[in-house]
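Everything numeric here is computed off the predicted structure, so don't read it as measured data.
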Amino acid sequence: MAFNFDPSVFIETFPMLMRGLRLTLEITVGGLFLGFILGSLSGLMKISKSLFFRKLAGVYVESIRGTPMLVQAMFLYYGVPMAVGIRIPPLTAGIIIIAVNSGAYIAEIVRGAVQSINTGQMEAGRSIGLTRTQTMIYVIWPQALKRMIPPLGNQFIISLKDTSLLMVIGVGELMRTGQEITSVNFRAFEVYLAVAVVYLAMTLTISALMKRLEKKLNVGQR
């Protein structure tokens, strides 16, 4: 039987995907916000003078980067409740998973950006009477943050696409919404094509915004 593409199904799918799109953006933004805090702390711990903090951050980063996010999601949502007896709501679990997963990668972004700043900047800060912490906050961090923008934009796109894996724990994000629509109309080709178009539109938009931000801040100019 020949397949007939139905453009009306393709077009009608977009409004139905908006609920999932909103949830996808909420999870991505919320997860990355927490992930940036977690990643910044872990990144600074990895370059601290304390061996304990360096080891602790190293265990976290390597553990997360060395396991698939799908496994992390299943472990947190199905495994952890069996151990502690507390069920985490799917949306909350999704944000936590994105935060923990992205935090491990952001930690390396932060570490690399801070270490790329010339050591003379620290010496200059100390020479004018600033403490090591003050020099880090007022001199090193602003310069490092500027250099983090390109890789952070890339991480934003990766985490956005990774939210599709959260359908396995019942989060009604974009992919899950597409699956629910397909279970009703059995038009997988048109529905998943529409889902792909929405993802592509979001990633292209984010890429364009990040390039404009980089240009505005003259990222790459030393």
Side-chain angles (χ1 to χ4, degrees), residues 25-67 69 72 76 88 91-163 202-203 205-222:
L25 291 174
E26 288 179 2
I27 294 171
T28 304
V29 173
L32 279 177
F33 175 75
L34 296 175
F36 182 73
I37 295 173
L38 183 60
S40 297
L41 292 173
S42 301
L44 294 175
M45 285 169 63
K46 289 199 73 174
I47 56 176
S48 74
K49 292 183 177 179
S50 168
L51 178 62
F52 173 74
F53 283 143
R54 291 202 305 273
K55 291 290 184 183
L56 185 62
V59 169
Y60 160 62
V61 171
E62 296 306 324
S63 298
I64 297 301
R65 295 194 337 155
T67 54
M69 202 187 88
Q72 297 161 17
L76 178 66
I88 305 173
L91 178 59
T92 303
I95 292 174
I96 293 174
I97 291 162
I98 292 295
V100 172
N101 185 272
S102 64
Y105 292 91
I106 292 173
E108 288 299 296
I109 294 173
V110 170
R111 181 191 61 75
V114 171
Q115 288 184 325
S116 72
I117 304 301
N118 193 300
T119 54
Q121 297 289 307
M122 175 61 77
E123 296 168 0
R126 299 300 301 273
S127 68
I128 60 174
L130 297 177
T131 65
R132 182 179 174 81
T133 301
Q134 289 173 328
T135 304
M136 178 61 73
I137 294 174
Y138 299 116
V139 179
I140 305 296
W141 186 256
Q143 298 179 69
L145 186 60
K146 187 177 174 181
R147 296 183 184 179
M148 292 177 206
I149 290 175
L152 284 177
N154 190 47
Q155 183 59 47
F156 195 133
I157 291 173
I158 292 172
S159 294
L160 176 70
K161 293 187 292 184
D162 281 348
T163 58
M202 286 193 294
T203 55
T205 301
I206 293 169
S207 294
L209 291 174
M210 295 308 298
K211 285 179 181 176
R212 289 190 62 179
L213 181 61
E214 291 173 26
K215 187 176 181 180
K216 186 175 182 180
L217 297 178
N218 291 322
V219 175
Q221 300 293 321
R222 303 292 178 93

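A distance of 11.0 Å separates CD1 of Ile128 from CZ of Arg126, quoted to the nearest 0.5 Å. A distance of 10.0 Å separates CD1 in Ile96 from CG in Leu91, rounded to the nearest 0.5 Å. Rounding to the nearest 0.5 Å places CD1 of Ile97 at 6.5 Å from CE of Met69. In this structure, NZ in Lys161 is found 12.0 Å from OG1 in Thr28, a value given to the nearest 0.5 Å. Residue Leu130 holds its CG atom at 4.5 Å from OG1 of Thr135, rounded to the nearest 0.5 Å. The CG atom of Leu160 lies 7.5 Å from the OG1 atom of Thr203; values are rounded to the nearest 0.5 Å.
With contacts defined as side-chain heavy-atom distances shorter than 4.5 Å, the pair Trp141/Met148 qualifies. Side-chain contact between Asn154 and Ile158 is present, with at least one heavy-atom pair separated by less than 4.5 Å. Residues Ile140 and Val114 meet the side-chain proximity criterion, which asks for heavy atoms closer than 4.5 Å. Counting only heavy atoms from C-beta outward, the side chains of Val139 and Met122 never approach each other to under 4.5 Å. Considering only heavy atoms from C-beta on, Phe53 stays 4.5 Å or farther from Leu44 through its side chain. Residues Lys211 and Lys216 are not in side-chain contact: their nearest non-hydrogen atoms beyond the backbone lie 4.5 Å or more apart. Using a 4.5 Å heavy-atom cutoff, the side chains of Leu152 and Phe36 are in contact.
With hydrogens and angles ignored, the 3.5 Å screen pairs a side-chain donor or acceptor of Gln134 with a backbone N or O of Thr131. Side chain of Tyr60 to main chain of Val100: a donor-acceptor pair is present (N/O by atom type, distance under 3.5 Å, no hydrogens or angles). With hydrogens and angles disregarded, a donor-acceptor distance shorter than 3.5 Å links the side chain of Ser63 to the backbone of Val59. The closest donor-acceptor contact from the side chain of Arg147 to the backbone of Ser116 lies under 3.5 Å.
Scanning all heavy atoms of the two residues, the minimum distance from Leu32 to Ile98 falls at N-CG2, 4.2 Å. Considering all non-hydrogen atoms of both residues, Gly30 and Ile95 come closest at C-CG2, 3.9 Å. Of all the heavy atoms in Ser42 and Ala107, the pair that sits closest is CB-CB, 3.7 Å. When every heavy atom of Phe156 is checked against every heavy atom of Val29, the shortest pair comes out as CZ-CG2, 4.4 Å. Residues Pro150 and Glu214 approach most closely at CA-OE2, 3.6 Å, considering heavy atoms. In this structure, Leu217 and Lys146 approach most closely via the heavy-atom pair O-CE, 2.7 Å.
Between Arg111 and Glu108 there is a salt bridge, since a side-chain N of the basic residue sits under 4.0 Å from a carboxylate O of the acidic one.
Side-chain N/O atoms of Arg54 and Ser48 include no donor and acceptor closer than 3.5 Å. A side-chain N or O of Gln155 and one of Ser159 form a donor-acceptor pair less than 3.5 Å apart.
Every residue two or more places apart in sequence or in another chain that forms a side-chain contact (heavy atoms from CB on, under 4.5 Å) with Thr67 is listed here: Gln72. Considering only residues two or more places apart in sequence or on other chains, Ile137 meets the side-chain contact (heavy atoms from CB on, under 4.5 Å) condition with Thr133. For Glu26, the salt bridge (charged side-chain N to carboxylate O under 4.0 Å, His left out) partners are Arg22, not counting sequence neighbours.
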